[in-house]
Amino acid sequence: MKKRIFGNWKMNGSLAANAALLDLLKQGLGHADCEIAVCAPAPYLVQLQSLLSGRAIAIGAQDVSAQASGAFTGEVSGAMLREFGVRYVLVGHSERRQYHAESDELVARKAQAALASGITPVVCVGETLAQREAGETEAVVRRQLSAVVQRNGHCLSEIVLAYEPVWAIGTGLTATPAQAQAVHAVLRAQLLAATTAAARIPILYGGSMNAANAAELLAQADIDGGLVGGASLKAADFLAIVACAG
Ligand code: PGA
């Protein structure tokens, strides 16, 4: 399948910085043979909609409410995101699980809300360092994915999955290609048990992916792309990763 390289800007950017970054990306992209998206903070989605219209860069959001509408102060619904051309939304990023106490069940409901709005949820799973050291990696990612499968089994083929070991996010410590592939294979097997479409569900790797390590990670059998944080804020770095994918 076509590789996917998705940038996660996290809580970074400004109108001016975003415009400059997107300009460089548009100039540098050429005919990349992979699917590209940038996941921006919600207030900038309107800017992305205007700057990326007709471009080969899809718009992503970083979170979505599990609710459709109503008295949920501060929340943003899938339908609202949809109005700004959003194609993808991250759900269950480890920073939201950690700092906002998002449970597996809430993440599954957010994925469901995205799907109901015609937005592809990018479901993030991953273990902490303590969990890896305790030999719990497989159990943790299987539990996290299982909640999403149980609630969204009927449209599971519409999701994107991202394996992001928490200890590798923003730390400069990347999982080795073999470590990442081993977990991706576990996730693929779990998807295979749940849907005949498992081979078509992209599983991205995230966690300190950069221009130097991307090619080897992306060459693994079950690694279908990358979810890139820090390196997505610098056009040259992001483009170099895209070049490894296309
Ligand atoms: P990082 O972040 O590339 O900066 O490690 C990845 C992510 O959190 O999605």
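Start at 1 and go down the list; that is how both ligands and their atoms are numbered. The structure displayed is predicted, hence computed values, not measured ones.
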**Message:** So, taking the atom named NZ in K10 and the one named NE2 in H93, what distance separates them when rounded to the nearest 0.5 Å?
**Reply:** 4.0 Å

**Request:** Give a yes or no on this: more than 12 heavy atoms of other residues, nucleotides or ligands lie within 6.0 Å of atom CD of E216.
**Result:** no

**Asked** Between atom CD of Q67 and atom CZ of F72, what is the distance when rounded to the nearest 0.5 Å?
**Response** 3.5 Å

**Asked** If you measure from each non-hydrogen atom of A168 to ligand 1, which part falls under 4.0 Å: side chain, backbone, both or neither?
**Response** backbone

**Asked** Is ligand 1 under 4.0 Å from a heavy atom in the side chain of N8, in the backbone, in both, or in neither?
**Response** side chain

**Request:** Number the atoms of ligand 1 from 1 as they appear, then name those within less than 4.0 Å of a heavy atom of S208, with their elements.
**Result:** 1 (P), 3 (O), 5 (O)

**Request:** Say whether G170, considering both its backbone and side-chain N or O atoms, lies within less than 3.5 Å of an N or O atom on ligand 1.
**Result:** yes

**Prompt:** In terms of residue, atom name and distance, what is the protein heavy atom nearest to atom 3 (O) of ligand 1?
**Reply:** G229 N, 2.8 Å

**Item:** K234 atom NZ: more than 12 heavy-atom contacts under 6.0 Å
**Value:** no

**Interfacing atoms of ligand 1 (cut-off 4.0 Å, heavy-atom, H93)** = 7 (C), 8 (O), 9 (O)

**Asked** To the nearest 0.5 Å, how far apart are OH in Y44 and SG in C39?
**Response** 16.0 Å

**Prompt:** When you measure from atom 4 (O) of ligand 1 to every protein heavy atom, which one gives the shortest distance, and what is it?
**Reply:** G230 N, 2.8 Å

**Asked** Could an N or O of ligand 1 be found under 3.5 Å from any N or O of I169, whether backbone or side chain?
**Response** no

**Request:** May I ask you to say whether R87 pairs ionically with E35, meaning some side-chain N is under 4.0 Å from a carboxylate O?
**Result:** yes

**Asked** If you count the atoms of ligand 1 from 1 in the order shown, which ones are under 4.0 Å from a heavy atom of G207?
**Response** 5 (O)

**Prompt:** Parallel, tilted or perpendicular: which fits the ring planes of H184 and Y163, with parallel below 30° and perpendicular above 60°?
**Reply:** perpendicular

**Fill in**
Candidates E164, E95, K10, M209; heavy atom nearest atom 2 (O) of ligand 1 found on K10

